[in-house]
Amino acid sequence: MAQEHELVLVIDFGGHDNQLIARRIRELQVFSEVVPYNTSAAEIKAKDPLGLIFSGYPASTGADNALQVDPQVFDLGLPVLENGSDLQLYTTQGMDKLKEFLFQTCGCKGEWTVSSFIDEQVAMIRQQVGERQVLCALSGGVDSSVAAVLVHKAIGDQLTCVFVNHGFMRKGEPEQIKAIFQDKFQIKLVFVDARERFMEKIRGVSEPETKRKIIGNEFIRVFEDEAAKLGKIDFLVQGTVYPDVVESGGTSAKTTIKSHHNVGGLPEDMKFQLIEPLRMLFKDEVRAVGRELGLPEEIVGRQPFPGPGLAIRIIGEITEEKLEILREADAIILEEIRQAGLYQSIWQSFAILPSVRTVG
């Protein structure tokens with residue numbers, strides 16, 4: 001099922017603000033997507049955009065290492081804004097130029113909204129799933145929570161959510177997740193205590209990227225085990241969001257910033273088909289969808305927390321003692337920030353255990 005919304009593509013030539021351009025376009029209720037500079041004309045045509053914005057500076061055609069767009073792109077008859085990086089999108093003048101390009105040059109109407117996104121995704125999920133069963137990787141963070149409720153809206157009891165207590169959660173989070181999703185939303189929920197299993201896999205590992213990949217791989221293996229207990233399940237829901245994809249090198253002309261456990265760490269022999277309803281949304285858009293779906297503010301307003309949890313906030317090897325120290329320290333920090341009324345104004349706040357011993 002094709003997506004039914006106006007689309008303007010941001011062509012990434014290494015511009016530092018390609019995501020900002022896409023966000024500003026979406027704020028004007030026109031959907032936007034970032035694609036690499038070497039996306040073919042045929043691929044662009046298949047997406048059926050109303051216009052193109054180049055982010056960054058394409059090199060001259062004579063340069064040996066030029067980042068050149070497919071020449072046939074210019075034969076598609078689409079309006080092109082050749083350097084979106086010059087828009088100065090923190091300024092009124094820059095936004096006026098963007099509006100002129102979208103609504104006058106491209107002929108956009110500005111009809112993309114949170115409600116229309118939800119309706120579109122519900123229809124797509126129903127068509128993709130049919131009568132089959134779906135498993136959701138529920139972490140309790142904003143992304144997986146919104147994804148779970150959105151998929152549940154689409155297919156109801158065909159969805160089973162699995163929460164894995166890998167032992168790297170913050171204080172009190174497992175109990176909170178059970179109260180919200182099982183009691184409030186009446187979603188089928190399976191709790192898995194896999195703390196020992198994850199510790200065995202991660203024990204002695206110090207390198208942070210290796211930690212991420214081990215935890216991502218083990219997550220999938222746990223879900224496969226749970227799926228085997230539940231009968232035939234074909235789909236896995238993940239709360240992958242657009243920055244995850246971009247930072248993992250999925251859309252950019254740049255190299256990978258970091259891999260995400262739900263993007264770069266998935267095993268190649270995974271048995272599930274993926275459902276990623278939030279894959280094209282930025283974080284603020286995910287929160288807006290969550291509020292529209294009725295999720296409580298304690299979930300949608302939650303600060304970002306990595307899927308591997310406290311495991312990547314411990315520098316060096318992980319032990320049970322280090323986890324307990326960090327969990328208590330993290331709880332104290334969050335309590336103080338909330339009491340000061342700063343929780344919503346601070347993007348992210350957390351404790352890190354450096355594992356460094358000093359004297360003196």
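Because the structure is a prediction, the values reported are computed rather than measured.
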Any ion pair linking [Y] and [X] (charged N to carboxylate O, less than 4.0 Å)?
X: R338; Y: E335; result: no
X: K178; Y: E175; result: no
X: R221; Y: E218; result: no
X: K97; Y: E100; result: no
X: R203; Y: E200; result: yes
X: E297; Y: R291; result: yes

For [X], I'd like to know if atom [atom1] has over 12 heavy atoms of other residues, nucleotides or ligands within 6.0 Å.
X: Q348; atom1: CD; value: yes
X: Q93; atom1: CD; value: no
X: R197; atom1: CZ; value: yes

How close do [X] and [Y] get, heavy atom to heavy atom, and via which atoms?
X: A41; Y: L76; value: O-CD1, 3.8 Å
X: I215; Y: P308; value: CD1-CB, 3.6 Å
X: A331; Y: K171; value: CB-CD, 4.0 Å
X: L326; Y: L353; value: CD1-N, 3.9 Å
X: E317; Y: S206; value: N-OG, 3.5 Å
X: A22; Y: V34; value: CB-CG2, 4.0 Å

Main-chain N/O of [Y] paired with [X] side-chain donor or acceptor, under 3.5 Å:
X: N18; Y: S55; answer: no
X: E6; Y: K109; answer: yes
X: K211; Y: G316; answer: yes
X: R132; Y: Q158; answer: no
X: S144; Y: S139; answer: yes
X: E276; Y: R279; answer: no
X: Q303; Y: S349; answer: yes
X: D119; Y: S116; answer: no

Validation row: [X], [Y] side chains within 4.5 angstrom (heavy atoms):
X: V205; Y: I318; value: no
X: L150; Y: V122; value: yes
X: I44; Y: L78; value: yes

*Between R26 and F117, is NZ or CZ placed under 6.0 angstrom from the six-membered ring centre and within 45° of the ring axis?*
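No.
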_Pairs meeting criterion ring-ring contact (aromatic ring centres under 6.0 Å, His included) with involvement of residues 151-180, two or more places apart_ =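 Listed by first then second residue: F163-F191, H166-F168, H166-F198, H166-F219.
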*So, Q133 versus T160: side-chain donor-acceptor pair below 3.5 Å or not?*
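Short answer, no.
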_Side-chain donor-acceptor pair present, E298, Q176, cut-off under 3.5 Å_ =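 The answer is yes; a qualifying pair exists.
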_If hydrophobic residues (ILVMFWY) are linked whenever their side-chain heavy atoms come closer than 4.5 Å, directly or via other members, who joins I315 in its cluster?_
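Result for I315 is F350, I352.
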*Remaining members of I346's ILVMFWY cluster at a side-chain heavy-atom cut-off under 4.5 Å?*
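Result for I346 is I333, L334, I337, L342, Y343.
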*Under the side chain to side chain contact (heavy atoms under 4.5 Å, CB included) criterion, do L7 and W112 qualify, and how do the steps go?*
CA-CA 9 Å; L7 172 66; W112 187 75; over 6 Å; no
*Go through the steps to decide whether R212 and E209 satisfy the test side chain to side chain contact (heavy atoms under 4.5 Å, CB included), and finish with yes or no.*
CA-CA 5 Å; R212 287 180 179 273; E209 273 292 282; 3.3 Å; yes
